[in-house]
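Worksheet for the structure shown next.
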Amino acid sequence: MNRPERLTEGRPTQGRPTQTGEAARSEIDTFTGNRALALEEGLIFEIGRAEVTGVDLDEPAPFTDRLGGLARKAALGLPGLSEPEAMRHYVRLSQKNYSIDAGLYPLGSCTMKHNPRLNEALARLPGFADIHPLQPQSTVQGALELMEELARWLLALTGMEAIAMSPKAGAHGEACGMMAIKAAIAAKGEGATRKIVLVPDSAHGTNPASATRIGFEIRSVPARADGTVDAAEVRRRLGPDVAAIMLTNPNTCGLFEKDIVAIAEVVHEAGAYFYCDGANFNAIMGKARPGDLGVDAMHINLHKTFSTPHGGGGPGAGPVALSAQLAPFAPLPFLRRDDNGLRLIEQASEAPQSIGRMSAFHGQMGMFVRALAYMLSHGADGLRQASEDAVLSANYIRASLADLLSQPFGDKLCMHEALFDDAWLKPTGLTTLDFAKALIDEGYHPMTIYFPLVVHGAMLIEPTESESKASLDLFIATMRDLAFAALRGETERFLAAPFHAPRRRLDETGAARRPILKWTKPVAE
């Protein structure tokens with residue numbers, strides 16, 4: 001049903017369609033547009049008033065401005081809100097977001113695990129939260145010691161020689177590792193010839209982008225029928241022009257690359273380096289050390305594996321583990337302990353082979369504190385169990401849905417995430433997107449869809465170790481109910497979904513190709 005005309009006058013009604021029949025019963029005809037605790041909220045431009053402000057400022061004393069002809073000549077037209085109005089606006093918007101604190105977040109490849117509140121409390125301690133990156137290093141020895149301890153844990157878990165702490169997140173870490181490889185190749189006098197990077201089709205999508213961004217060319221490596229990379233295929237593509245391979249392990253199909261040692265051997269025999277995307281480290285943490293497998297460089301997403309907050313644009317942290325061959329090329333700054341304690345090496349004169357700075361300062365202290373708190377609260381055995389539980393959870397979901405949903409690589413064990421395709425949906429006429437939209441009505445954020453690209457209509461589900469069996473059972477039962485509904489031909493439940501979300505289904509193609517990035521005041525009728 002439509003909202004009352006008096007409330008929609010002069011306001012966009014897109015996303016608030018008129019409905020009839022079953023769809024209409026999912027809406028409530030209220031004067032306010034609210035539905036009990038599901039509160040309607042307009043854009044800040046719709047509810048604010050340009051002529052008011054929530055802050056009172058005294059008229060300034062006479063002064064001479066220095067803006068010249070750059071002074072503003074017209075009103076800004078920004079919406080003004082009082083403090084209560086501003087608070088309510090953003091609280092109401094926050095209530096429309098799904099979060100890991102609200103329920104299971106099944107996004108595959110993104111590892112949305114619980115963020116322990118112990119970590120948050122420690123990150124807010126004054127000695128960590130209040131320091132400034134330009135303080136004298138003698139006054140922040142405790143923070144530097146925490147960074148050193150975090151690096152020690154990461155070295156123990158990866159079996160590598162050095163850890164670069166300054167990269168901010170995954171793609172930044174990829175760039176760091178590949179820049180170190182590029183510098184190592186140049187140091188051997190091969191910079192002019194080794195221009196190719198091998199990237200398997202099952203790698204994360206940022207891998208080829210990161211390599212291309214720093215000047216490499218990409219040569220793809222197809223996957224076998226079982227979804228993994230064949231060392232023989234890698235060997236066929238190697239040559240004196242190849243600088244490195246970028247391989248994700250476990251890969252984006254949720255599978256462990258069983259030939260990883262053989263792949264590393266043929267890559268090294270050809271004089272190239274092995275970059276491993278460590279975004280899926282949560283599946284093997286405490287179980288396998290990448291350094292032992294022949295890896296030369298690997299970034300580690302602290303938000304994925306070590307429970308620091310994920311999303312919202314940051315702040316992030318993506319430390320990079322480096323082998324002995326690449327350690328001399330680590331970016332500045334890095335820690336060194338001498339007779340006077342810990343200090344950051346910041347000058348190129350002290351590290352002549354370093355690739356230099358990748359960011360202004362040392363990293364993100366809040367994320368370092370949270371990650372180390374997670375490690376210390378678990379211990380080595382607890383981290384290993386976290387990986388085991390993540391793999392167990394994924395296989396529990398996979399096995400519980402295997403009789404209904406199709407698996408692109410057969411009924412086989414997966415790692416931290418279960419992958420299904422859309423073959424089972426073909427007789428229904430529905431798509432992966434339709435199924436995902438219906439899952440929203442059930443109170444879940446949809447799983448990752450249409451990724452990895454090597455699988456048609458992919459549905460990638462990663463429950464992580466955070467979820468209880470009861471939580472997994474409810475999700476599985478929900479998925480089975482939706483699957484049975486699809487197979488019974490209840491297409492309306494899917495094609496028009498979601499019914500119960502704050503906004504209905506968008507024209508996603510139109511939104512992507514013709515985005516409306518500026519609010520325009522509606523013309524009064």
Side-chain angles (χ1 to χ4, degrees), residues 109-111 147 150-151 153-155 157-184 197 199 203-216 218 243-252 273-285 289-291 293 295-311 313-323 325-335 354-368 370-372 374-375:
S109 186
C110 286
T111 314
M147 291 172 60
L150 174 59
W153 276 76
L154 293 175
L155 287 172
L157 289 165
T158 60
M160 306 286 268
E161 181 69 21
I163 295 287
M165 300 292 287
S166 61
K168 302 299 186 186
H172 203 212
E174 292 170 21
C176 173
M178 294 308 293
M179 288 170 70
I181 288 173
K182 189 173 185 178
V197 171
V199 180
H204 271 129
T206 50
N207 289 181
S210 296
T212 301
R213 182 67 180 82
I214 61 174
F216 288 115
I218 303 304
I245 187 172
M246 297 184 79
L247 180 132
T248 302
N249 194 34
N251 65 31
T252 54
Y273 293 92
F274 189 165
Y275 183 94
C276 182
D277 186 306
N280 296 336
F281 191 52
N282 197 54
I284 61 173
M285 170 180 58
R289 302 196 313 171
L293 304 176
V295 171
D296 292 302
M298 185 183 83
H299 79 267
I300 305 164
N301 298 84
L302 295 188
H303 58 277
K304 288 192 172 187
T305 303
F306 299 107
S307 80
T308 66
H310 191 171
V320 177
L322 300 169
S323 65
Q325 291 73 26
L326 295 182
F329 307 97
L332 299 172
F334 57 82
L335 281 171
S354 170
I355 60 174
R357 284 185 177 272
M358 294 193 66
S359 57
F361 299 111
H362 47 67
Q364 219 298 326
M365 179 54 63
M367 299 302 111
F368 295 161
R370 290 173 173 88
L372 185 60
Y374 181 82
M375 295 173 178

Taking C-beta and beyond as the side chain, do [X] and [Y] meet within less than 4.5 Å on heavy atoms?
{"X": "Arg357", "Y": "Ser166", "result": "no"}
{"X": "Thr111", "Y": "Asn301", "result": "no"}
{"X": "Leu247", "Y": "Phe274", "result": "yes"}
{"X": "Met246", "Y": "Asp277", "result": "no"}
{"X": "Tyr374", "Y": "Leu302", "result": "no"}

Listing, residues 359-368 side-chain donor-acceptor contacts under 3.5 Å, not counting sequence neighbours, or none:
from: Ser359; atom 1: OG; to: Phe361; atom 2: O; distance (Å): 3.3
from: Gln364; atom 1: OE1; to: Gly366; atom 2: N; distance (Å): 2.9
from: Gln364; atom 1: OE1; to: Met367; atom 2: N; distance (Å): 3.0

If I compare all heavy atoms of [X] with all of [Y], which pair ends up nearest, and what's the gap?
{"X": "Glu161", "Y": "Ala327", "result": "CG-CB, 4.1 Å"}
{"X": "Ala151", "Y": "Ile163", "result": "O-CG1, 3.9 Å"}
{"X": "Arg370", "Y": "Pro309", "result": "CD-CD, 3.5 Å"}
{"X": "Ala321", "Y": "Thr158", "result": "CB-OG1, 3.9 Å"}
{"X": "Ser323", "Y": "Met160", "result": "N-CE, 3.9 Å"}
{"X": "Thr248", "Y": "Ala203", "result": "OG1-CA, 3.4 Å"}

Practice problem: Assess whether side-chain contact (heavy atoms from CB on, under 4.5 Å) is satisfied between Phe306 and Leu157, documenting all intermediate values. | Solution: CA-CA 12 Å; Phe306 299 107; Leu157 289 165; 3.7 Å; yes
Give a yes or no on whether the backbone of [Y] and the side-chain of [X] come within a donor-acceptor separation of less than 3.5 Å.
{"X": "Thr308", "Y": "His303", "value": "yes"}
{"X": "Asn280", "Y": "Asn249", "value": "no"}
{"X": "His310", "Y": "Cys110", "value": "yes"}

Quiz item: Can you tell me how far the CD1 atom of Ile245 sits from the CG atom of Asp296, to the nearest 0.5 Å?
Solution: 11.5 Å
Quiz item: To the nearest 0.5 Å, how far apart are OH in Tyr275 and CG in Leu322?
Solution: 9.5 Å
Quiz prompt | Any residue meeting side chain to side chain contact (heavy atoms under 4.5 Å, CB included) with Ser354, in chain and number order, not counting sequence neighbours | solution = Leu332, Ala351
Quiz item: Who pairs with Pro208 by side chain to side chain contact (heavy atoms under 4.5 Å, CB included), at least two apart in sequence or on another chain?
Solution: Val199, Ile218
Practice problem: Mind checking salt bridge (Lys or Arg N to Asp or Glu O under 4.0 Å) for Arg213 and listing every partner two or more places apart, or none if nothing turns up? | Solution: none
Please table the atom pairs, donor to acceptor, closer than 3.5 Å between any side-chain atom in residues 173-182 and protein atoms at least two apart or in another chain.
from: Glu174; atom 1: OE1; to: Thr206; atom 2: OG1; distance (Å): 3.3
from: Glu174; atom 1: OE1; to: Asn207; atom 2: N; distance (Å): 3.4
from: Glu174; atom 1: OE1; to: Asn207; atom 2: ND2; distance (Å): 3.4
from: Glu174; atom 1: OE1; to: Ser210; atom 2: OG; distance (Å): 2.7
from: Glu174; atom 1: OE2; to: Thr206; atom 2: OG1; distance (Å): 2.6
from: Glu174; atom 1: OE2; to: Asn207; atom 2: ND2; distance (Å): 3.2
from: Lys182; atom 1: NZ; to: Ile214; atom 2: O; distance (Å): 2.4

Practice problem: Apply ring pair (Phe, Tyr, Trp, His ring centres under 6.0 Å) to Tyr273 and list each qualifying residue two or more places apart in sequence or on a separate chain. | Solution: none
